[in-house]
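Read the structure below first, then the notes.
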Protein chains: 2
Amino acid sequence: MTYSNKDKFYLAVDCVIFGFDNDKLKLLLYKRDFEPQKGMWSLMGGFLRINETLDDAAYRVLARITGLRNVFLEQLSVFSNLDRDPADRVISIGYYALINILDYDDRQLKQYGAQWFAIDELPVLIFDHAEIVGKSLRRLKRKAKTQPIGFELLPENFTITQLRNLYEAIYQRRIEPANFRRKIMSMGLLNRLPIKDMNNSRKGAFLYSFNKEKYEILTAKGFSFDLSGI
Amino acid sequence: MTYSNKDKFYLAVDCVIFGFDNDKLKLLLYKRDFEPQKGMWSLMGGFLRINETLDDAAYRVLARITGLRNVFLEQLSVFSNLDRDPADRVISIGYYALINILDYDDRQLKQYGAQWFAIDELPVLIFDHAEIVGKSLRRLKRKAKTQPIGFELLPENFTITQLRNLYEAIYQRRIEPANFRRKIMSMGLLNRLPIKDMNNSRKGAFLYSFNKEKYEILTAKGFSFDLSGI
DNA sequence: CCAAAAGTGTTAAAGGTACACCCATGC
DNA sequence: GCATGGGTGTACCTTTAACACTTTTGG
């Protein structure tokens, strides 16, 4: 072949899977089921196969553990330190996924010994996975300000308070409820449903859904989602 | 070996090299010197070797063509389409570099048939290199707002007008000189030299240099470089 | 009626935008 | 002295930030 004098490498994907559980940002981790470091906590991972792209591989890994398809999944970056895997040279492409925490297949999860961990109570992870998690978190914080990706972590319908709780979890600080509400409503991207969530107050809080179609139309016209000033 | 049943892949790096030439943003391209598509314009690239990281490989490629080390170089993302290289399956990691256009080794450049092209007058590129360039440009536009990377494209000493010209080239729009000046000066990151550049006006314009040490100290204290509002 | 969360109003401070104007100097 | 790009002043407007206030309703 043309490049036959060049070196070849093992390629893996590792997925950071975010979920949001009412007031805490969480990660889905699993107990590694092969050597080396079998039994330690790890990101979901898998090796790239010759007939698939990296995105394909990442979706395959995600579906294997959670049973989910059609979720938000994005490439993060490449990790290529010479000794990141002690067993052999493996270059890993980090991915991060945002999923609705109520939505996964619980049997599959149990089968793989997978478990949700609060983002500030993570166990020790294998290899350089802590670094991959750190980078994912920074990416999430950056992206959530300028793209409507937060909704991926919530159920289809949600209250403004839930949405604010999510942003408070991501940015780890209090956000003024009145100002947050006005800011998000002023974009005109939320559909109010004729339903109230009565769980948290006597008055009840209206449920909303994100209007993705409208977002795409507005974006095509030059609109930018922007929560940078909250 | 542990993973011996897994597939292996060729890995390449491709570098988008930005330069700034007084009023135009430019890219350094070269005529590809091996098959397939020998003779076509291409990004600087090379294959990963077993004893180096991807960053190492990208620096090696950059040094081979420009003679430069210690320049800004950052990973962009991975391109893994099955047929991106018609000759064989090659996964490419895109990088982008910001260099001072006056600083490269001209002999090396000529030797490789390399040439600077204005960003809006690029030739047809091989493979998916146009996509890699597009992604680099979006990254540069995003990053230049929140990190002081613009200075990498300028000489050590520069006038405020030159700096503004650079940002105007990156964002392809006019920036109000008075407001830009105030904004950049208010960060307190520029050292004014007791020298005036007399090339463009009778009055002369003071030269400044970027105070990297101060930037790092301020950043450690929570400061953020921010030109988002200009 | 009251507690508590949902939701609205209001105002001061900060930041962005536009443009008028002064400054220095070689010709 | 005047043309020219460098550099400053300033007034208007929008956005942010903080907090007081009103609304709703099960108990």
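Just so we're on the same page: letters track the sequence lines, and every chain starts at 1.
- Looking at A/D14 and A/S92, their side chains do bring a donor and an acceptor atom within 3.5 Å of each other.
- Computed from coordinates, the A/M185 CE to C/dA6 C1' distance equals 12 Å when rounded to whole Å.
- The separation between B/D226 atom CG and C/dG16 atom C1' is 12 Å, rounded to whole Å.
- Taking atom CD1 of A/I175 as the reference point, atom P of D/dT16 lies 13 Å away to the nearest angstrom.
- Using the six-membered ring where Trp is involved, A/Y96 and A/F18 have ring planes that are perpendicular, over 60° apart on the 30 and 60° scheme.
- If you find the closest nucleotide of DNA chain C to A/I160 and to B/K183, the one lying nearer the 5' end belongs to A/I160.
- Among the protein residues, B/T161 comes within range of the sugar-phosphate backbone only, with heavy atoms under 4.0 Å from sugar or phosphate atoms but none that close to a base.
- Taking 4.5 Å as the limit, every side-chain heavy atom of A/V71 sits out of range of all side-chain heavy atoms of A/I17.
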Reading DNA chain C 5' to 3', how would its secondary structure be written in dot-bracket notation, given Watson-Crick and G-U pairs with both distances under 3.5 Å, brackets [ ] for crossing pairs and | for partners on other strands? |||||||||||||||||||||||||||
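- If you measure from atom CG of A/D23 to atom P of C/dA5, you get 14 Å, rounded to the nearest angstrom.
- Within the 4.5 Å cutoff, no side-chain heavy atoms of A/T159 are placed close to those of A/N200.
- Between B/E216 and B/K214, no side-chain nitrogen of the basic residue sits less than 4.0 Å from a carboxylate oxygen of the acidic one, so the salt-bridge criterion is not met.
- Between A/L190 atom CG and C/dG7 atom C1' the separation is 15 Å, expressed in whole Å.
- With hydrogens and angles disregarded, a donor-acceptor distance shorter than 3.5 Å links the side chain of A/Y171 to the backbone of A/K141.
- For the 3.5 Å distance criterion, the side chains of A/D226 and A/S224 fail to qualify, holding no donor opposite an acceptor.
- In this structure, A/F127 and A/H129 have perpendicular ring planes: the angle between them is above 60°, well past the 30° mark.
- Rounded to whole Å, the distance from CZ on B/R181 to P on C/dG15 is 21 Å.
- Aromatic ring orientation, B/F225 versus B/F151: perpendicular (interplanar angle above 60°, classes split at 30° and 60°).
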Which letters describe nucleotides 17-27 of chain C, given B = protein heavy atom under 4.0 Å from base, S = only from sugar-phosphate, - = neither? BBB---BBBB-
